[in-house]
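Here is the structure we will look at.
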Number of protein chains: 2
Amino acid sequence: MRLIQSKSIADQVEELLRGRIREGLYAPGSRMPSESELSDEMGVSRATVRTVLAKLAVNGLILRKQGDGTYVNAMMQKVSANLGNVWDFSYLIESNGFAPSIQPVVTESRIATEKEALALALEPGEKLLSLIRLFYADTRPVILARNVIPLSLVCVPIEQIDGRLHIRDILQNYCKKEIAFVITDIHSARAGADVAATLSKQPNDTILELEVSFFSDDSTPLVLGSNYFDDAVLRLSLVQAWT
Amino acid sequence: MRLIQSKSIADQVEELLRGRIREGLYAPGSRMPSESELSDEMGVSRATVRTVLAKLAVNGLILRKQGDGTYVNAMMQKVSANLGNVWDFSYLIESNGFAPSIQPVVTESRIATEKEALALALEPGEKLLSLIRLFYADTRPVILARNVIPLSLVCVPIEQIDGRLHIRDILQNYCKKEIAFVITDIHSARAGADVAATLSKQPNDTILELEVSFFSDDSTPLVLGSNYFDDAVLRLSLVQAWT
DNA sequence: TAGTGGTCTAGACCACTTG
DNA sequence: AAGTGGTCTAGACCACTAC
């Protein structure tokens, strides 16, 4: 196997194995080569192969049986997300079988509400960047994403901000910040008048509300988000390995 | 450090570190000892310490900074679950600040519906074990859990089944089966008449519906569950490390 | 019994942050 | 420059499963 040194060895092994599974070279339900065979074939240590296989197992892609072997999970076609990619709405829409697109609705600065100031650890009256975006599945609006970022973190004029980027990239490009961890509250809710209108729902329909906080590695809150998710159209479907 | 050989070394290290964090010996936000210090102190290899720290990091308990150190995450008090324990409803209720208890409502065998037969890969007309349980937070009913298991899997008389056990233990004790992975669909829903009555909700209130399938390591469906979750009382709050 | 995955070790080197 | 976490290796031994 040829390894190009730009990525880590483990990442390259992961990509290779994901590719072989995706393309059916390792067929659903079948047994994969053993750890030793893989490490021999790729010229890497068994430990490296094992870290990759462990990651794939957590994501539900493979099933490992001690004393037997490693099997490709045949159920993965049913699933739209694992916890590694829940916040990639475009990916979510795509794996539900639609073509994703993003429409920025509002990009403005304004004064933080009391609740926002509290959650973001801001002084009362401080300003923040408000981003409202609409995600489409094909031509149908399915997710309304409202995010706020303390304006003090933003280091470019707001006119330069590309509202179609992933929150991760917005923080990277415009704030020079990396996300360390995320806290998500999942609620059921009734579509308010404005949300209902935007998502083409009846004002009394139920939707999923995903309240998210992104934090940096010093536990500073970076972003506060309210995401309204039309779960009548889009399935939020998670896999997890059972320890 | 004394290691008792009944558990794996890694598990013991994990328990020790979780304890020190829980009891504030490693204070929230503070820097923990380095990997080398820990491996010296406990007499285990650095690799073993690292696998434990990696697990704690994924669960959001600690934050790791290359070139700097490992820090205790101060935000963990706000969170009720990580993906390792979402299906431990008792734990969920407890970490929301309530005393959990379980009330078995129905334990019976019946013919599978068409939808159930499909999901569980059963022949039409096959029987299954139906378990309905009610979880209380203090004295308030908060989760209605309806689970069905193919009767062919159950190897004890249904009178012997203890309806207060975790699904994991029910499968282990009465079916000799282990759960390999789980697929969960999260929906918002309106409380139907029966669910509303059981959970003391108005018939039009919104609730969370968690549709769950548990699978064995050969991808056989073991359990199908519909869990109605009163998210007005109980917060479903997840942490996740950001890759 | 042979082969699989699970656990653990000891040590090397690298990338990064802080003082 | 010193110390931290990140990556990787080579090899040992164990627990388990299938044949």
Side-chain angles (χ1 to χ4, degrees), chain A residues 1 3-17 26 30-58 61-73 176-178 180-181 216-218 241-243, chain B residues 1 3-17 26 30-58 61-73 176-178 180-181 216-218 241-243:
Chain A
M1 187 179 77
L3 295 182
I4 297 121
Q5 265 314 57
S6 57
K7 282 187 186 180
S8 77
I9 295 178
D11 283 352
Q12 295 174 63
V13 171
E14 181 177 347
E15 208 162 303
L16 188 62
L17 292 181
Y26 300 151
S30 70
R31 183 158 74 191
M32 292 175 50
S34 72
E35 298 178 348
S36 326
E37 286 171 332
L38 288 173
S39 71
D40 285 352
E41 180 212 349
M42 304 182 184
V44 304
S45 76
R46 194 185 144 209
T48 303
V49 171
R50 274 185 63 77
T51 61
V52 173
L53 292 177
K55 190 172 172 188
L56 298 183
V58 166
L61 223 63
I62 58 175
L63 298 168
R64 323 203 66 199
K65 306 191 206 181
Q66 185 172 11
D68 183 357
T70 301
Y71 291 79
V72 179
N73 189 346
K176 312 294 174 206
K177 293 282 184 184
E178 295 284 342
F181 65 99
S216 77
D217 62 7
D218 57 358
W242 190 265
T243 40
Chain B
M1 187 178 79
L3 294 182
I4 298 122
Q5 266 312 60
S6 57
K7 284 186 184 179
S8 77
I9 295 179
D11 284 351
Q12 296 174 62
V13 171
E14 180 176 347
E15 208 161 304
L16 187 63
L17 293 181
Y26 300 151
S30 70
R31 183 158 74 191
M32 291 174 50
S34 72
E35 297 179 349
S36 327
E37 286 171 334
L38 288 173
S39 71
D40 285 351
E41 179 211 349
M42 306 184 185
V44 302
S45 76
R46 194 185 144 209
T48 302
V49 171
R50 274 185 63 76
T51 63
V52 173
L53 292 177
K55 190 172 173 189
L56 298 183
V58 166
L61 222 63
I62 57 175
L63 299 167
R64 322 202 64 198
K65 306 191 204 180
Q66 185 172 12
D68 183 357
T70 300
Y71 291 79
V72 179
N73 189 346
K176 311 294 175 205
K177 292 282 184 184
E178 296 283 341
F181 65 98
S216 76
D217 62 8
D218 57 358
W242 191 264
T243 42

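Worth knowing before you read on, the calculation uses all heavy atoms, side chains too, and leaves out hydrogens, waters and symmetry mates. Labels below follow one simple rule: chain letters A, B, ... track the order of the sequence lines, proteins then strands, and each chain is numbered from 1.
As a whole-Å value, the separation of B:Glu14 CD from C:dC8 C1' is 16 Å. Per the geometry, NZ belonging to B:Lys55 stands 12 Å off P belonging to C:dC8, to the nearest Å. One atom, CZ of B:Arg64, and another, C1' of D:dG5, lie 6 Å apart when rounded to the nearest Å. The CD atom of B:Gln12 sits 13 Å away from the C1' atom of C:dC8 (whole-angstrom rounding). Spacing between atom NZ of A:Lys7 and atom P of C:dA15 amounts to 18 Å, rounded to whole angstrom units. Distance, B:Leu56 CG to D:dG5 P: 13 Å, rounded to whole Å. As rounded to whole Å, 16 Å separates atom C1' of C:dT7 from atom CG of A:Leu53. For A:Leu38 and D:dC8, the CG to P distance is 16 Å, given to the nearest whole Å.
In this structure B:Asp218 satisfies the salt bridge (Lys or Arg N to Asp or Glu O under 4.0 Å) test with no other residue, sequence neighbours excluded. The salt bridge (Lys or Arg N to Asp or Glu O under 4.0 Å) check on B:Lys176 picks up nothing, with sequence neighbours excluded. Remark: A:Ser45 pairs with A:Thr48 by the side-chain hydrogen bond (donor to acceptor under 3.5 Å, both in side chains) rule, at least two apart or across chains. By the salt bridge (Lys or Arg N to Asp or Glu O under 4.0 Å) test, B:Asp68 is found to be paired with B:Arg31, residues two or more places apart in sequence or in another chain being considered. For B:Glu178, there are no salt bridge (Lys or Arg N to Asp or Glu O under 4.0 Å) partners two or more places apart in sequence or in a different chain.
Between B:Ser34 and D:dG3 there is no side-chain N or O to OP1 or OP2 distance below 4.0 Å. Between B:Ser36 and the phosphate of D:dG3, there is no side-chain N or O to OP1/OP2 separation shorter than 4.0 Å. The shortest distance between the side-chain N/O atoms of B:Thr48 and the OP1/OP2 oxygens of C:dT9 is below 4.0 Å.
In the set D:dG5, D:dT9, C:dC8, the nucleotide with an atom closest to the side chain of A:Ser45 is D:dT9. Here D:dT7 is the nucleotide among C:dG6, D:dT7, D:dG5 with the atom lying nearest to any side-chain atom of A:Ser8. Out of D:dC8, C:dT7, D:dG5, the shortest distance to the side chain of B:Arg50 is found at D:dG5. Of all nucleotides listed (D:dG5, D:dT9, C:dG5), C:dG5 comes nearest to the side chain of A:Glu35.
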Base versus backbone protein contacts along nucleotides 11-19 of chain D [heavy-atom cut-off under 4.0 Å; B, S, -]: -B--BBBS-
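From B:Tyr26, atom OH reaches atom CG of B:Leu17 across 6.0 Å, with rounding to the nearest 0.5 Å.
Looking at heavy-atom distances under 4.0 Å, B:Thr70 makes contact with sugar-phosphate atoms alone, never a base.
Ion pairing between a basic and an acidic side chain is recognised when a charged N comes within 4.0 Å of a carboxylate O; B:Glu35 and B:Arg64 show such pairing.
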